[in-house]
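Reading through the structure tokens given below for one structure.
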Amino acid sequence: TTFPSNLTNTSKTQLNINYSWTEINKDTCKYSRNGGLTNSTLIGCANITGVTWNEGLNNLTIYINDSLNNKNASYVSFILDTIFPNASITSIQTTTNSQTVTFNFTTLDAGTGLSSCIYRVDVNGVQEIANTSIGCYANTTQIVVSSFNTYNLTFFSIDYSNNMNQTSQLFTTSQAV
């Protein structure tokens, strides 16, 4: 099998399966999604297109027979994940006369798992802190902003199939008067 490579994560429900074969006397090509219990014929040994795959692990076997009934098979497994991770900023703590801010977050993915978490801070529509990677299971992060102002914190959660979710929350740093 040429594409996808084995154990690929994808969010494409109709992922095309491209494969190659070398056989002068090809007779039939088929594929099975369930270990050979049921087979679908590939007319002209064409690539597999237009199939809606199941959420989760998909195990696929592609069979080819030649006119002398010699047989060969190729196997590929891929994971379909269309479920977006959740992302939540649970709290933001600021202290008067301090530009140090602590935020707490939670994130969870029911699909292929979390690949990365990122935060960004903007002030008045201008980026204050560029996209910064953080551990998805750290749950608490401390940042320092440049001035006393109102900021927008955005937290992103991304899974291994590149499904992304984000949440934003405003916070204000202030000086005592």
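Keep in mind that this is a model prediction, so the values were computed, not measured. Computed from heavy atoms alone, side chains included, the values below leave out hydrogens, waters and symmetry copies.
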Taking all non-hydrogen atoms of both residues into account, name the closest pair between Thr173 and Thr94 and its distance. CG2-CG2, 4.3 Å

When rounded to the nearest 0.5 angstrom, what distance separates CG in Asn69 from CG in Asn25? 12.5 Å

Tell me the closest heavy-atom pair linking Leu114 and Pro85, and the distance in Å. CD2-CB, 3.8 Å

Take Thr41 and Cys29, measure what side chain to side chain contact (heavy atoms under 4.5 Å, CB included) needs, and give me the verdict at the end. CA-CA 6 Å; Thr41 299; Cys29 296; over 6 Å; no

Thr95-Gln93 side chain donor-acceptor pair, cut-off 3.5 Å: no

Scan side-chain atoms only and decide if Thr100 and Gln142 contain a donor-acceptor pair under the 3.5 Å cut-off. no

Between Gln14 and Thr52, is there a side-chain donor-acceptor contact under 3.5 Å, judged purely by atom types and distance? yes

Exercise: do Asn104 and Asn139 side chains pair donor with acceptor under 3.5 Å: no

Could you check if a side-chain atom of Thr61 sits within less than 4.5 angstrom of a side-chain atom of Val76, using non-hydrogen atoms only? no

Does any N or O in the side chain of Trp53 come within less than 3.5 Å of the main-chain N or O of Leu15, such that one atom is a donor and the other an acceptor? yes

For Asp122, give me all partners under salt bridge (Lys or Arg N to Asp or Glu O under 4.0 Å), at least two apart in sequence or on another chain. Arg120

Nearest heavy-atom approach of Ser32 to Leu37 is OG-N, 4.1 Å

So do the side chains of Lys26 and Asp66 get within less than 4.5 Å of each other, counting heavy atoms only? no

Evaluate the side-chain hydrogen bond (donor to acceptor under 3.5 Å, both in side chains) criterion for residues Thr96 and Gln175: first the C-alpha distance (whole Å), next the side-chain angles of each, then the deciding distance (0.1 Å), finally the verdict. CA-CA 5 Å; Thr96 302; Gln175 286 181 297; over 6 Å; no

Over all atoms of both residues, closest heavy-atom pair of Ala73 and Tyr63: CB-CD2, 3.9 Å

Going through the distances and angles, do Ile17 and Leu60 end up as a side chain to side chain contact (heavy atoms under 4.5 Å, CB included)? CA-CA 10 Å; Ile17 309 297; Leu60 184 65; 3.8 Å; yes

With Thr13 as reference, evaluate Asn54, Val51, Thr82 under the side-chain contact (heavy atoms from CB on, under 4.5 Å) test and give the passing residue. Thr82

Going by heavy atoms in the side chains, are Val145 and Val123 under 4.5 Å from each other? no

Determine whether the side chains of Asp81 and Ser11 contain a donor N or O and an acceptor N or O closer than 3.5 Å. no

Starting at CZ of Phe156, measure out to OG of Ser168 and round the result to the nearest 0.5 Å. 6.5 Å

Could you state the interatomic distance from CZ (Phe148) to OG1 (Thr172), rounded to the nearest 0.5 Å? 12.0 Å

Taking the side chain as everything from C-beta on, heavy atoms only, tell me whether Val144 gets closer than 4.5 Å to Val101. no

Would you sort out whether Ser157 and Asn165 count as a side-chain hydrogen bond (donor to acceptor under 3.5 Å, both in side chains), showing the intermediate values? CA-CA 5 Å; Ser157 179; Asn165 205 344; over 6 Å; no

Side chain to side chain contact (heavy atoms under 4.5 Å, CB included) for Phe171 and Thr150? Distances and angles first, verdict last. CA-CA 6 Å; Phe171 67 91; Thr150 298; over 6 Å; no

Checking Phe155 against Tyr119 for the ring pair (Phe, Tyr, Trp, His ring centres under 6.0 Å) test, could you report, in this order, the C-alpha distance in whole Å, the side-chain angles of both residues, the deciding distance, and whether it holds? CA-CA 4 Å; Phe155 173 71; Tyr119 72 87; 8.4 Å; no

Rounding to 0.5 Å, atoms CG (Asn152) and CG (Leu170) come to a distance of 5.0 Å

Rounded to the nearest 0.5 Å, how far apart are OG1 of Thr90 and CD of Gln169? 8.5 Å

Ile79-Ile158 co-clustered via ILVMFWY side chain contacts under 4.5 Å: no

Would you say Ile62 ends up clustered with Phe3 if hydrophobic residues are merged whenever their side chains have heavy atoms under 4.5 Å apart, either directly or through other cluster members? yes

Using the rule given for side chain to side chain contact (heavy atoms under 4.5 Å, CB included), can you reason through Leu80 versus Asn58, listing the C-alpha separation, both sets of side-chain angles and the distance that settles it, and then say yes or no? CA-CA 7 Å; Leu80 173 64; Asn58 288 271; 3.9 Å; yes

Would you say Leu108 and Met164 are hydrophobically clustered, going by side-chain heavy atoms of ILVMFWY under 4.5 Å? no

Is there a donor-acceptor pair closer than 3.5 Å between any side-chain N or O of Asn16 and the backbone N or O of Thr49? no

Rounded to the nearest 0.5 Å, the CG atom of Asn163 sits from the OG1 atom of Thr10 at a distance of 9.0 Å

Sequence neighbours excluded, which residues qualify as side-chain contact (heavy atoms from CB on, under 4.5 Å) partners of Asp27? none

Tyr151 versus Ser147, closest heavy-atom pair with distance: OH-O, 2.7 Å

Please check if the side chain of Thr107 supplies one atom and the backbone of Ala87 the other of a donor-acceptor pair under 3.5 Å. no

Would you kindly confirm whether Trp21 and Leu42 end up in one hydrophobic cluster when ILVMFWY residues are joined by side chain heavy atoms under 4.5 Å apart? yes

Does Glu128 use its side chain to pair, donor to acceptor, with the backbone of Ser146 at less than 3.5 Å? yes

Under the criterion side-chain hydrogen bond (donor to acceptor under 3.5 Å, both in side chains), I'd like the reasoning laid out for Asp159 against Ser115: C-alpha separation, chi angles, the key distance, then a yes or no. CA-CA 5 Å; Asp159 71 15; Ser115 69; over 6 Å; no

According to a hydrophobic-cluster definition based on side-chain heavy atoms being under 4.5 Å apart (Ile, Leu, Val, Met, Phe, Trp, Tyr only), do Ile129 and Ile134 belong together? yes

